[in-house]
Amino acid sequence: MTEEHHSTEQDLKRHRMEKLERIRARGDEPFKYAFARSSGIGAARAAFEAAESACADPAEAKVPATLAGRMVSFRDHGKSAFADIRDESGRIQVYFNAKTLGDEAFATLADLDLGDFIGASGEVHRTRKGEITLFATSYELLTKSMRALPEKYHGLTDVETRYRQRYLDLVANPEVLDTFRKRVQLISAMRAWLTGRGFLEVETPMLHPIPGGATARPFITHHNTYDSELYLRIAPELYLKRCIVGGFEKVFEINRNFRNEGVDTRHNPEFTMMELYEAYQDYMGLMDETEELFVAVIEAVTGGTEFPYQGDVIDATRPWKRIKLFDAIREYAGVDLESTRDRDEAAALAKKAGVEVDPAMGYGKIVDEVMSARVVPHLTQPTFLYDYPIEISPLAKKKRGNPALTERFQAFIGKLEMCNAFSELNDPIDQRERFMDQLKQRERGDEEAQHLDEDFITALEAGMPPTAGLGIGIDRLAMLLTDSASIREVILFPLLRPL
RNA sequence: GAACGGGUAGCUCAGUCGGUAGAGCAUCGGACUUUUAAUCCGGUGGUCGCGGGUUCGAUCCCCGCCCCGUUCACCA
């Protein structure tokens, strides 16, 4: 005999395997194919409560039901037993009794485990202790669970397990399910608002021969048949504008972007963006629409315009504060970065404002840095910053009357950047110059500077009507509306290092 | 990539000033026909993240590595 070494986990699985074999041995199928429910659990509870309030004597209320769900709790009392089963709509107690169920059927309860899916038929009434309960006259095992689920009381808190095995997180922590429901609501509400305004949802390539539309490092992949390098898209922007060139007037896309960059509480390598483009619109008109869109979504998800975020109460009531970027810098950082466009002078001003700048940073980058460090930390309540320097806005149109600036805005809520928008640059000659400027930065070692996309310029040469465009980071917005401190809390399967 | 914190039973956590570890829940056996963190009695379960070093002896001390979290850097 060799010494047997069972880990607990193996023991648990072995026990369940033995039960599985017993179930099969008596001719039952532990993995059923379908089950006809009379309703979901939530609906059954509601129906019972309605019957109860319609009854002269509420204690007499009873409603027949056939329900199914995962068994999450089991309390054995010898000749009777209580189980809690849960489906997506709620939880209900099921009462089993040897007399009504029959001794044989009652005995098979011993082969059930927490985590199993069962279906049960009977009547719903209320126990003496006031618990709405399905008194089962029959039951069947629908799916055997072969593994122990996380403990019911403390749930699952180990962050790594929560992310790597999100299904366990969802089973163990109802509030996580709620977070992801809110994310779904958010996207539905946004899509509904856009569709209601006449925007058409289009799909543009995820595989790009030239990564464009943002300043970011891409993931590189390879296509075998064409034997060519392709990039996972960092933004859909340039393709959506091609749609406008072709004659679409209002388009949007809600889909994934991929950026080969760091991972932290606000960044996942793949993330979801909504981008929209609207012909004949400029950034000021779009700012109004953006405000409406956000408020519509916020109301749909939170039920109002006030909601908590990380200890603050956000009030999204319109109108939102609007402030020029350079005014905000003057106000919060105490320096006038608009007074110069010289890199070194700007660096000196940044230093005066207490912001460390890298020698490699150009003027635009310095402005961006001062904004992030000195302005954004003040932007808890919804605020639009607008009129950004041209150096950091290569796809935005120059501001009327001030070619140093672009007609661009961003909204911040809860100190998070929520969107980026501008009057789209549609002058192909200007666009080429901007790309050339980006190329110079690339040559200076900035790997994130944009590539020259000749086909995009060709498209602009064909003529793109005046257009305004907007991008909203869906994950950031989901964080905001679910009071989540980390982006991983709002992405079902965030990227972790492969084991 | 850097700093700090963490990794002990299936889950949630204690603990060992260095002498190979405990609790609750889960699980297994038993009692119980209205419980709901059911209760009561008894039991199983751990290469204490991985690999080296020091030591009579390491889960604990030292070194390296892996994974996670937070902050920073990069970015949205």
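In what follows, every chain begins at residue 1, and chains take the letters A, B, ... in the order their sequences are listed. No experiment lies behind these values; they were computed from the predicted model shown. Hydrogens, waters and symmetry mates are skipped; everything else that's a heavy atom, side chains included, is used.
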Side chain of A/Lys152 (C-beta onward), nearest among B/G69, B/U12, B/A38: B/A38
Interatomic distance where CG belongs to A/Leu496 and P belongs to B/C68 [whole Å]: 6 Å
Atom-pair distance (CG on A/Leu112; P on B/U27), nearest Å: 11 Å
A/Arg259 side chain, from C-beta outward: closest of B/A76, B/C13, B/U33: B/A76
5′-ward residue of the pair A/Gln93/A/Asp76 relative to RNA chain B: A/Gln93
Aromatic centroids of A/Phe82 and A/His77 separated by under 6.0 Å: yes
Under 4.0 angstrom between A/Arg217 side-chain N/O and B/C74 OP1 or OP2: no
Inter-residue atom distance A/His451.NE2 - A/Gln438.CD, 0.5 Å rounding: 10.5 Å
Below 4.0 Å: OP1/OP2 of B/G69 and any side-chain N or O of A/Thr265: no
A/Arg476 side, atom CZ; A/Leu481 side, atom CG - distance, nearest 0.5 Å: 14.0 Å
Sugar-phosphate only, base, or nothing, as touched by A/Arg488 at under 4.0 Å among non-hydrogen atoms: sugar-phosphate
Distance test, side-chain N/O of A/Thr215 to OP1/OP2 of B/A76, below 4.0 Å: yes
Sequence-distant partners of A/Phe31, side-chain contact (heavy atoms from CB on, under 4.5 Å), two or more places apart: A/Leu20, A/Arg24, A/Glu29, A/Thr143, A/Lys144
Stem segments of RNA chain B by first residue number [Watson-Crick or G-U, under 3.5 Å, at least 3]: B:1-7 with B:66-72, B:10-13 with B:22-25, B:27-31 with B:39-43, B:49-53 with B:61-65
Heavy-atom donor-acceptor pair, A/Asp264 side-chain to B/C74 base, under 3.5 Å: yes
Distance in angstrom units between A/Asp158 CG and B/G7 P, rounded: 11 Å
Side chain of A/Arg476 (C-beta onward), nearest among B/U71, B/U33, B/A76: B/A76
Ring centroid separation A/Phe422 to A/Tyr283 under 6.0 Å: no
Sugar-phosphate only, base, or nothing, as touched by A/Ser73 at under 4.0 Å among non-hydrogen atoms: sugar-phosphate
Sugar-phosphate only, base, or nothing, as touched by A/Tyr95 at under 4.0 Å among non-hydrogen atoms: base
Check: A/Asn97 side chain, B/U33 base, donor-acceptor under 3.5 Å: yes
Aromatic ring proximity A/Tyr332/A/His378, centre distance under 6.0 Å: yes
Toward the 5' end of RNA chain B, by each residue's nearest nucleotide, A/Pro498 or A/Asp446: A/Pro498
Sugar-phosphate only, base, or nothing, as touched by A/Glu417 at under 4.0 Å among non-hydrogen atoms: sugar-phosphate
Nearest listed nucleotide, side chain of A/Lys19, among B/C11, B/C74, B/C28: B/C28
Qualifying residues under side-chain hydrogen bond (donor to acceptor under 3.5 Å, both in side chains), relative to A/Tyr167, sequence neighbours excluded: A/Gln165
Full working for ring pair (Phe, Tyr, Trp, His ring centres under 6.0 Å) between A/Phe48 and A/His125: CA-CA 7 Å; A/Phe48 172 75; A/His125 20 147; 7.6 Å; no
